[in-house]
Amino acid sequence: MNFPKTGNLGFPRMGARRELKFALEGFWSGKHDEAELRSVAAELRRTHWKMQYEAGIVTPPSNDFSLYDHVLDLATAVGAVPRRFGHTGGRVSLATYFAMARGSGGATAMEMTKWFDTNYHYVVPEFEPEMQYELLSTKIVDEYLEAREQGIETRPVLLGPVSFVLLGKPTDESIDRRDVLLALLPIYVEILQRLRNAGAEWVQIDEPCLGLDLSDESQSYYGAAYEALRKSPRPNIMLATYFADIAQNLNLALELGVEGLHLDMVRAPQQLAALSAKSKDGLFVSLGLIDGRNVWKADLQKAATVLREAIARFGADKVQVAPSCSLLHTPVDLDLEVKMDPEIRSWMAFAKQKLSESAVLAKAIDDDDSIVNELNINAAAMDSRRRSPRIHKEKVLQRVDSVDSSMLERTSPYAVRHQQQAQALKLPCLPTTTIGSFPQTAEVRKMRASFRSGKIDAASYKGFLESETERCIRFQEQAGIDVLVHGEFERNDMVEYFGEQLDGFVFSEYGWVQSYGSRCVKPPIIYGDVARPKPMTLGWSSYAQSLTPLPVKGMLTGPVTILQWSFVRDDQPRSQTCRQIALAIRDEVRDLEAAGLKIIQIDEPAIREGLPLRRADWPVYLAWSVDAFRLAASGVADTTQIHTHMCYSEFNDMMDAIVRMDADVISIECSRSRMELLDAFKRVRYPNGIGPGVYDIHSPRVPAKGEMEGLLCKALEVLSPEQLWVNPDCGLKTRGWEEVGQALANMVQTAKRVRQSLAK
Ligand code: GLN
Ligand code: ZN
């Protein structure tokens, strides 16, 4: 059997210059027709197969490409099209496919959620009663044949049946996931058979759920599913796991009788020893030695040592080198980053470069002598990085070392602070505020672009921002809001804005990764010790405060969110990098306080998404991440009020951490869940201030006064009036001024009415 020395689990789909994004958006806006979209897609597939092949991946993946999302592709392929999309059978049209992803007419879009702990969002399959599962698509075989016509043999990728069923959701209690699984198996059998008939020797079946804590019920799905698949005529199966240690489910995985197993050796290198001890002879092993979740060069010397151990145990003909997971989560090509500092760039590898690294490493399998030279070159890059003064700042290290527990504590407990803040701020009961940003209109974005491209000078840009900020202050004064914000007009993005001003960050030009559909993000890259050369927000916050006697809330992004939404250096623990960022934010907080801002908000929308996949790993993460927040927040006097904000509502399983953050006020998303999440706050008798969002900012709809009043009254059933704040769900930057004006006016009036009724 042919087993290539290198493999790859998936390649970014967007294109190095986001060609797919523009083609999709052109198609959605009616500028291009379907044929044009399909031709861009085909061209990208061709380019990507060729690029991978040339980098040394002789059998690159196929069917990893998608026009929107690979989970949605599979749902449409197996006929899991919810009734509301009116699909009447046969191949699912492109219009229906995009309607499922984005909604259309009366049919709301399917829900999206995060793909494990990445920033990629998949479309959540819905399993409805009486859904008829049948194979409706030939995409999987088509793309295999398409590559073959171009002279490239591929390994088709398919999300496995158990993970598909576990990642989807039954829409009705009458539906048992097991029944859905059993209904899907004949379709998988058919797909595998067709792939074999088409000539595929291997297929990659992804079962990332093997990395999760699985219930007995979920575990039992695996045996049933893979027994059916194993028996059918089919290609050899490379079962791919990633993002976690599958130790708990290793026995389960080994009992499935598949030919190959892929392990994420970056996240969980210890897996190899467990596999070596347990696996039977004859298993083909794919070792994910190159980090598919980050932008750094691999330490090839170290990886080669691991690889040689594996070769000794499994045999040179049974081992394959690969990135740890699909490269979907990395940018495409570092070669495009011509403007980046060459020294920093020399430490990095994007998707294309990571495949070359896999190929170099694979030479160790062949005992190819030329590897020595390449390992030496790599070792030199590693060494330069280890020693570079650009990365290591003695002062930062000393400061981190000097952090003691008193720096994580406010001076007095909340009850005392609450009194002092009440006296200092004299806010009414149920104070009103917003989350920070006001509409980022086309004009704001245009002015920023003009400034960045040098079309307007710094003084005119500043003048423009000043007038926007002043307008925003006047607007809030007129609306009758109690705690104002400056509006964040100067910020492009809540992480990038800080990263650009901190030492230790670098920005790429083309380092995009897909977030969902056509949406991409370009995370900042943290390469070195983080320090704050000068204040970052002080100017705008104190300018805003100078315009009004009302309190203006200083607005910062928290250390955990900055960490979470960046590519983080891999040469020290994440907790250490987070602590460095926390110290920089702490300094900013103190500067704001010194300048007279009495209220400061530290946004932490990303704390929850940083939770490790396995519960056993949660306490450690929550300990250091909450400590980082506390370090950032605790350098102020009792009278200074610290707010935080989170954009979601599932706190049930992390309430202890929320309590330990000890923010004076936390604002959270609530309106869509109709305040249900407040139960968690009630259960732990959360003592501090809370602003459960009463206005859903995710849609242009203006909520009526009655609606907000209903929500507020509901909140008052579980919270005391002394702790309740009134605010929207999140920032207003995606909204228009007109709706915002009406909605905030309604919000303020609602607060006033409820205050009056409380006073009676
Ligand atoms: N202060 C930010 C804003 O208002 C918070 C955004 C967020 O929570 N994602 O836009
Ligand atoms: Zn938010």
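Ligands are counted one by one from 1 in listed order, and the atoms in each one are counted from 1 as well. All heavy atoms count here, side chains included; hydrogens, waters and symmetry mates do not.
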>> Evaluate W565 for polar contact with ligand 1, using N/O atom pairs at a separation under 3.5 Å.
In response: no

>> With respect to D603, determine whether any N or O atom, backbone or side chain, lies less than 3.5 Å from an N or O atom of ligand 1.
In response: yes

> Which atoms of ligand 1 have any heavy atom of I435 under 4.0 Å away?
Replying inline: 1 (N), 4 (O)

> With under 30° as parallel and over 60° as perpendicular, where do the rings of Y120 and H329 fit, or are they tilted in between?
Replying inline: perpendicular

>> Tell me whether R491 forms a cation-pi arrangement with W540, defined as NZ or CZ under 6.0 Å from the six-membered ring centre and within 45 degrees of its axis.
In response: no

> For ligand 1, which atoms sit closer than 4.0 Å to a heavy atom of C730?
Replying inline: 7 (C), 8 (O)

>> I'd like to know if D117 pairs up with R614 as an ion pair, taking the criterion as any Lys NZ or Arg NE/NH1/NH2 lying under 4.0 Å from an Asp or Glu carboxylate oxygen.
In response: no

>> Is it the case that the side chain of Y122 and the backbone of L167 share a donor-acceptor pair, with hydrogens and angles ignored and the cut-off at 3.5 Å?
In response: yes

>> Students should be able to answer this: which protein heavy-atom is nearest to atom 6 (C) of ligand 1, and at what distance?
In response: M494 SD, 3.5 Å

>> Quick test of your reading of the structure: of C647, S667, G436, whose heavy atom lies closest to atom 9 (N) of ligand 1?
In response: C647

> For ligand 1, is E488 a contact, meaning one of its heavy atoms is under 4.0 Å away?
Replying inline: yes

> Do any N or O atoms from the side chain of Q601 and from the backbone of M555 form a donor-acceptor pair under 3.5 angstrom?
Replying inline: no

